[in-house]
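A short write-up of the structure that comes next.
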Amino acid sequence: MSPEEFRKYGRAVVDWVADYMETVEDHPVRSRVKPGEIRSMLPLAPPAEGEEFDAILRDLDDVIMPGITHWQSPNFFAYFPANVSGPSILGELVSAALGVQGMMWITSPACTELETHVLDWLVDMLGLPERFRSTTAGGGVIQDTASSATLCALLAARERATSFAANASGVDRPLVAYTSSQAHSSVEKAMMIAGVGRERLRLVDVDGSFAMRPGALDAAIRRDVDAGGTPFFVCATVGTTSSTAIDPLPEIGRICRRSRLWLHVDAAMAGTAALCPEFRWIHDGLETADSYCFNPHKWMFTNFDCDCFWVADRAELINTLSILPEYLKNEATATGAVIDYRDWHIPLGRRFRALKLWFVIRSFGVEGLRRRVREHVRLAQDFARRVAADDRFELAVAPPLSLVCFRHVAGDETTGRLMDDLNDTGRVYLTHTRLGDALYIRMSIGQANTTEDHVDRAWALIDELAPR
Ligand SMILES: *Cc1c(COP(=O)(O)O)cnc(C)c1O
């Protein structure tokens with residue numbers, strides 16, 4: 001494709017994207033295809049010779065779009081959002097065009113320096129502890145996902161506990177980690193991948209708001225020490241995936257300090273709320289954490305993938321993940337004057353993700369981001385009031401932020417059927433969770449373009465379809 005052709009088709013694709021933005025609400029929110037339906041429309045063999053670009057664009061509409069679930073629909077209330085925005089898409093486009101491989105400072109200085117700078121901005125924007133700033137012993141890095149950030153934190157914790165022995169058997173006592181029974185599955189996965197073993201993860205009991213009980217954590221640690229184990233890692237959650245429960249960081253931090261355990265805080269979704277000073281209480285106690293992550297690719301209008309991960313002591317992370325083969329040696333690295341982010345995560349190569357984040361922060365402005373987050377929380381609180389006032393429904397808990405979990409009082413079967421009926425209309429998409437023993441519908445309000453009208457219409461539909 002010549003630059004001239006790129007200009008032509010690039011314009012066509014940008015028009016296609018803008019049309020999609022304008023018409024996203026015309027599609028059923030959740031894709032209706034059956035398993036195998038998309039593949040059945042694809043040719044068995046790839047084309048031997050290049051095809052016309054117009055033909056590819058046609059198939060985008062005819063073959064691909066029926067199999068898309070519209071995460072960018074303002075009627076998408078499922079899971080947690082995976083928002084994009086105009087500035088973010090354009091940042092992604094430029095990043096794709098530059099095709100920079102940012103593994104080291106020398107491989108594109110701007111890729112590293114912009115990332116460091118934007119992550120320092122975010123320390124201010126979210127009111128994070130000073131010790132995460134790059135000008136201290138700590139610092140931040142962009143990872144693909146919260147799952148990867150949690151794995152890196154766990155690996156660094158393992159190295160701390162085993163004094164950087166050649167392998168985890170450097171300690172003769174079994175390592176043990178802790179998280180709440182409501183934590184994300186990525187903690188258990190990290191235990192498997194790190195070779196510590198999922199059976200060494202204690203799922204600590206939660207209170208009535210589904211937040212970790214510090215007393216239960218303390219007791220579990222003492223039990224494991226008495227049994228000859230080596231506690232090494234605690235993952236607390238600020239905003240669980242099921243219900244946005246917020247673990248009490250001050251108490252958990254005190255326990256971790258006393259026993260010298262690595263404390264990682266996973267705020268994948270809820271962290272974005274701290275843009276607003278009135279929601280910063282969610283991070284009370286974060287000053288004692290060794291590491292922290294949140295996902296701008298959820299609620300901060302930045303295309304997937306983009307997870308921001310900070311550590312209080314970057315040397316511990318770098319010593320865990322650094323290997324320097326001959327072919328990567330260079331003067332800038334040798335002088336120690338630069339950051340080489342390849343040592344801050346698992347892969348060697350890395351995309352220029354800071355660009356889209358920079359586009360987003362500059363285009364929205366901090367106040368622009370705050371206004372949207374505030375509005376989502378307000379809409380969710382209003383929605384919760386309506387649910388609570390209707391005696392067909394009950395709330396799981398008073399929603400801390402923008403996720404409302406509710407159920408039909410007639411029980412799991414009626415609740416499940418209501419959710420299926422809602423989703424079958426194609427006009428909304430909601431998903432479920434289990435809290436305690438009961439099934440709940442999750443109404444997650446955080447899609448970039450969701451307004452009061454969308455929430456009103458969703459409520460009207462729920463009101464209409466819920467049995468009386
Ligand atoms: C969404 C979520 C994750 C997983 O995020 P990825 O970036 O997809 O790995 C982890 N923890 C919590 C609390 C989440 O809500």
Side-chain angles (χ1 to χ4, degrees), residues 69 71 76-84 88 126 140-155 177-194 201 203-204 206 209-212 233-249 252 263-274 279 282-283 286 289 291-310 345-347 350-351 353 356-357 373 376 380 399-405 431-435 440 442-447:
T69 288
W71 288 71
F76 182 97
F77 303 108
Y79 307 105
F80 277 142
N83 283 311
V84 311
S88 166
L126 301 180
V141 58
I142 302 179
Q143 303 246 346
D144 52 3
T145 59
S147 303
S148 296
T150 298
L151 174 59
C152 288
L154 189 131
L155 293 172
Y178 307 81
T179 197
S180 91
S181 59
Q182 296 292 311
H184 192 263
S185 55
S186 53
V187 185
E188 188 177 340
K189 197 166 182 176
M191 290 288 279
M192 289 163 60
I193 296 169
L201 179 65
L203 298 180
V204 178
V206 293
S209 69
F210 304 99
M212 189 191 286
F233 179 75
V234 175
C235 179
T237 313
V238 167
T240 57
T241 315
S242 249
S243 68
T244 46
I246 291 160
D247 289 343
L249 299 184
I252 294 169
L263 174 58
H264 174 62
V265 175
D266 173 6
M269 168 70 184
T272 297
F279 302 136
I282 64 172
H283 287 152
L286 189 60
S291 55
Y292 167 85
C293 74
F294 92 108
N295 286 351
H297 72 225
K298 280 183 169 161
W299 202 9
M300 218 179 86
F301 320 113
T302 306
N303 290 48
F304 191 88
D305 51 2
C306 186
D307 167 88
C308 296
F309 175 56
W310 285 268
H345 56 45
I346 289 163
R350 56 202 325 276
R351 309 172 56 226
R353 295 192 191 88
K356 60 189 173 189
L357 205 44
V373 166
H376 288 149
L401 296 165
S402 63
L403 171 68
V404 183
C405 299
T431 51
H432 75 279
T433 189
R434 239 171 217 293
L435 289 163
Y440 284 87
R442 291 168 78 266
M443 174 82 175
S444 165
I445 300 177
Q447 207 287 323

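Ligands are counted one by one from 1 in listed order, and the atoms in each one are counted from 1 as well. No experiment lies behind these values; they were computed from the predicted model shown.
Pairs passing the salt bridge (Lys or Arg N to Asp or Glu O under 4.0 Å) check and including a residue from residues 140-153, sequence neighbours excluded, do not occur.
With sequence neighbours excluded, no residue satisfies side-chain hydrogen bond (donor to acceptor under 3.5 Å, both in side chains) with His432. Shown here are the salt bridge (Lys or Arg N to Asp or Glu O under 4.0 Å) partners of Arg442, two or more places apart in sequence or in another chain: there are none.
Residues Lys356 and Arg351 form a side-chain contact, since some pair of their non-hydrogen atoms from C-beta on lies under 4.5 Å apart.
Centroid-to-centroid, the aromatic rings of Tyr79 and Trp71 come within less than 6.0 Å.
Enumerated by chain and number, the residues approaching ligand 1 to less than 4.0 Å through a heavy atom are Phe80, Thr145, Ala146, Ser147, His184, Thr237, Gly239, Thr241, Asp266, Ala268, Asn295, His297, Lys298.
Between Phe301 and His376, the ring planes are tilted. Angles from 30° to 60° get that label.
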